[in-house]
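Before any comments, here is the structure.
The analysis underlying the following values was restricted to heavy atoms, covering all of them including side chains, and did not include hydrogens, waters or symmetry mates. Proteins get letters first, then strands, A, B, ... in listed order; numbering begins at 1 in each.
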Amino acid sequence: MYKTHTCGELRVVHAGQKVTLAGWVHRRRDHGGVVFFDLRDRYGIVQITINPDVSKETLNVVADVRFEWVLQIVGTVQKRPAGMENPNMATGEIEVIASEINVLNPAKTLPFMVNNGDTNEADENTRLKYRYLDLRRERMRENIILRHRVIKFMRDYLDKQNFIEIETPILFKATPEGARDYLVPSRVYPGQFYALPQSPQQLKQLLMVAGMDRYFQIARCFRDEDQRGDRQPEFTQLDLEMSFVHRDDVLAMVEGLYTAMIPAVTPHKKILSSPWPVLSYTDAIEKYGSDKPDLRFGMQLIDVSDVFAKSDFRVFQSATEAGGVIKCIVAPDSADMSRREVDELTEVAKSFGAKGLATLAVTAEGPKGTAAKFVKPEEFEAVKSKVGAKQGDLILFAADQRAVVNKVLGGLRLVFRDKLDLADKDVMAFAWVVDFPMFEWNEEEKKWDAAHHPFTMPKMEDLPKFETNPGEIFSDAYDMVCNGYEMASGSIRIHRRDIQFKIFQLLGLKDEEIQLKFGHMLEAFEYGAPPHGGMAPGIDRLVMLLADEPNIREVIAFPKNSGARDVMADAPSSVEPKQLKELHIKIVE
RNA sequence: GGUCCCGUGGUGUAGCGGUUUAACAUGUGGCCCUGUCAAGGCCAAGAUCGCGGGUUCGAAUCCCGUCGGGGCCGCCA
């Protein structure tokens, strides 16, 4: 070993000991005669003191030393002289008086500073290009360590619950449904491809058929879709599956895991309510305008169609006549919002599909806002009392088809959350959303899509609707949500061949196609498949929330940028013609 | 695919039609300094303002295009 101790562990009890340390030069303070520098490793920072009275030689060595040089120090731990302690440092009561310094490796001038906390943070592309330097920063190091603790806790907890960790293949089979696959060409079979798994869904179900009973995996998943702050081309899920369970058994298991984990890994985070609230999908959409509601604050959507049933306001009239609804949210203390701010909100509303945005400000002089002159006094009073608006509040209306109204107001609700700082970042508002529709109508392709995935068990009592109205079939799917993010998604699965076959047919797959793509699943269900279900909590998003980070790139060691590029290694990149030839691939310009 | 925002020394910002030879901080180089901890002091180097075109007597500044980055919508079984 190059060292006897880590930089973070030395305390007064070590005083008098001769130690050897190795690490990076975090800062240096050169007084000409005496020189201090802070040596850093993963475990902390310690002050090294070069005193010419102790060793003239070390002073010469250290003259050239700059930021991020890698040094080995031999020295003696000393309690600092009275008044020289640094209470801001864990090791601030001691210092190491160097007797010998070895330069293990010098460093060029850095493209950005790694020792200045979050001030002057470099452009993200620069950080990603030099990710190995970026990861030296305290914030990144803490995020990566937190991520490790989360995964370690999950492994230990699930192990105690009789789960076993099983690896599944990364090279698997393309699926026609769902996200775009990342394909891997086969050298051995010209024109054929593996696909990287969008999730180990099929494999974990087959492990249940195999009698493994309780499976989990820290699973990498790949989806070739456009990026977001909370979406990467490859991401990590805690994939798990259980046999002989009903929905509530799965929920209880995962809720138990998270309820135990949060205080253990991030004691400062508070879980809003325990047990977690359970919302139906329909309730979530109607009350919060989202299937992943942020429950840290109110501002629920309120249906005021009845209040404006006889309204003279054209916008309201035409919405109700077309079979739509009028709903609103109440923004507290926002009546004095400027015209410009309201215009901005209107733009936001339009981006979610609204044709416009009507507002009513409750002021001392009566109603103000874009809808004020169209609303009768009795309507104003009625809506005020129905939504509980008080003076100073701003009521925002959306009038359109129900789905549009919910989406628009749901979006605006989150804008006000951020604008008015309504949500405490240290609160984790976990909840379950249950009873999802089984299918969604795909208007573009004029066919039914699976709302969750095609292996989800429909509600048994809805089975007769297969022939009549598939849109009214609900499923045993469930989501875990927290603070406006979908944190996990799962379902009770189909374990019967006949039901599974029917689902595929309804999704528009031809019989031969079903056999070709999913024959292995159907066949497996004929050899004694147990009832089973599971879910897959996202690890990146969870760590992002726990670390108070604004996007998941900050909790992934080597993430892609929003264009799905690795800017450090510069991938994807061209390959040698020889490689292409072996893979039987020709590039078409 | 659509839309909005951002590109100024190595890094982070200011400047937003004319005393700007583009300012400040930090970093870099040099000198001074034996108790600092974001050490301090003095000096110096370092940016044709992403790129291309246009408007103008004059463009970092206004307009158009393009490239790069980020957010949102679509997409994400």
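- Of the two residues contacting RNA chain B, namely A:R565 and A:L110, the nearest-nucleotide position lying further toward the 5' end is that of A:L110.
- Residue A:K407 is in sugar-phosphate contact alone, with no base atom involved, counting any heavy-atom pair closer than 4.0 Å across all strands shown.
- Of the possible polar contacts, none joining the A:K204 side chain to the A:F216 backbone as a donor-acceptor pair under 3.5 Å is found.
- Within the 4.0 angstrom heavy-atom criterion, base atoms lie near A:S199.
- Residues meeting the side-chain contact (heavy atoms from CB on, under 4.5 Å) test with A:R402, sequence neighbours left out: A:E286, A:D303, A:V325, A:N406.
- Comparing B:G50 with B:A39, their C1' atoms are spaced 38 Å from each other, to the whole Å.
- Every side-chain contact (heavy atoms from CB on, under 4.5 Å) that A:T91 has, sequence neighbours left out, goes to A:R11, A:V46, A:M89, A:I94.
- Nucleotides B:A25 and B:C33 are separated by 23 Å at their C1' atoms, to the nearest Å.
- If you take atom C1' in B:C49 and the same atom in B:U61, they sit 10 Å apart, rounded to whole Å.
- Side-chain contact between A:I552 and A:Q232 is present, with at least one heavy-atom pair separated by less than 4.5 Å.
- Residues passing the side-chain contact (heavy atoms from CB on, under 4.5 Å) test with A:T175, sequence neighbours excluded: A:D181, A:Q198, A:Q202, A:F518.
- An OP1 or OP2 oxygen of B:G69 is reached within less than 4.0 angstrom by no side-chain nitrogen or oxygen of A:K560.
- Enclosure of atom CD in A:E57 is not indicated, since only 12 or fewer non-hydrogen atoms of other residues, nucleotides or ligands lie within 6.0 angstrom.
- Listed by chain and number, the residues in a salt bridge (Lys or Arg N to Asp or Glu O under 4.0 Å) with A:K517 amount to none (sequence neighbours excluded).
- Residues passing the salt bridge (Lys or Arg N to Asp or Glu O under 4.0 Å) test with A:D435, sequence neighbours excluded: A:R247, A:K459.
- Taking atom C1' in both B:G54 and B:G69, the straight-line distance is 26 Å, to the nearest Å.
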Do any N or O atoms of the protein come closer than 3.5 Å to N or O atoms of nucleotides 1-8 of chain B, and which pairs are they?
none

In 5'-to-3' order, the base (B), backbone-only (S) or no-contact (-) status of each nucleotide in nucleotides 36-49 of chain B, using a 4.0 angstrom heavy-atom cut-off, is BBSB----------
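- As judged by a 4.0 angstrom heavy-atom cut-off over every strand, A:E124 is placed among residues touching the sugar-phosphate backbone only.
- The nearest whole Å value for the distance from the OH atom in A:Y485 to the C1' atom in B:C76 is 16 Å.
- Residue A:R66 contributes atom CZ, which lies 20 Å from atom P of B:U11 at whole-angstrom precision.
- Across all strands, A:G411 comes closer than 4.0 Å to no nucleic acid atom at all (heavy-atom distances).
- Residues passing the ring-ring contact (aromatic ring centres under 6.0 Å, His included) test with A:W24, sequence neighbours excluded: none.
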Output field dot_bracket for RNA chain B (Watson-Crick or G-U, both distances under 3.5 Å, | for other-strand pairs) contains ((((((((.[[[[.)..(....]]]].(((((.......))))).....[[[[[..)....]]]]])))))))....
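- Note that A:R493 lies outside the cation-pi zone of A:F525, set by a 6.0 Å cut-off to the ring centre and a 45° limit from the axis.
- A:F466 is linked by a ring-ring contact (aromatic ring centres under 6.0 Å, His included) to nothing, counting only residues two or more places apart in sequence or in another chain.
- With both ends at atom C1', the span from B:G10 to B:U66 equals 27 Å, rounded to whole Å.
- For the P atoms, the distance from B:U28 to B:G68 is 33 Å, rounded to whole Å.
- Between A:R553 and the phosphate of B:G71, there is a side-chain N or O to OP1/OP2 separation shorter than 4.0 Å.
- Between the CG atom of A:N115 and the P atom of B:G12 there is a distance of 15 Å, rounded to whole Å.
- For the pairing with A:S489, the side chain to side chain donor-acceptor pair (under 3.5 Å) check across A:K292, A:Q237, A:H452 returns one residue only, A:H452.
- Rounding to whole angstrom units, CG of residue A:L59 and P of B:C32 are separated by 13 Å.
- Protein atom CZ of A:F235 is 9 Å distant from nucleotide atom C1' of B:C76, rounded to whole Å.
- Under the side chain to side chain donor-acceptor pair (under 3.5 Å) criterion, the residue pairs touching residues 59-71 of chain A are A:R40-A:E68, A:E68-A:R136, with sequence neighbours excluded.
- If you take CZ of A:R137 and C1' of B:G12, they are 12 Å apart, rounded to a whole angstrom.
- The ring-ring contact (aromatic ring centres under 6.0 Å, His included) test applied to A:H453 returns A:F455, not counting sequence neighbours.
- Between the side chain of A:R223 and the base of B:C75, no donor-acceptor pair under 3.5 Å is found.
- Among B:G35, B:C75, B:U11, the nucleotide with an atom closest to any side-chain atom of A:E225 is B:C75.
- With P as the reference atom, B:C67 and B:G52 are 15 Å apart, rounded to whole Å.
- Here A:D123 lies in heavy-atom contact (under 4.0 Å) with sugar-phosphate atoms only.
- Here B:C73 presents its C1' atom at 14 Å from CG of A:L414, a figure rounded to the nearest Å.
- Straight-line distance between the P atoms of B:U48 and B:G27: roughly 23 Å, to the nearest whole Å.
- If you check every strand for non-hydrogen atoms under 4.0 Å, A:F352 touches sugar and phosphate atoms only.
- OP1 or OP2 of B:G69 lies within a sub-4.0 Å distance of a side-chain N or O belonging to A:N561.
- Spacing between atom CZ of A:R231 and atom C1' of B:G71 amounts to 13 Å, rounded to whole angstrom units.
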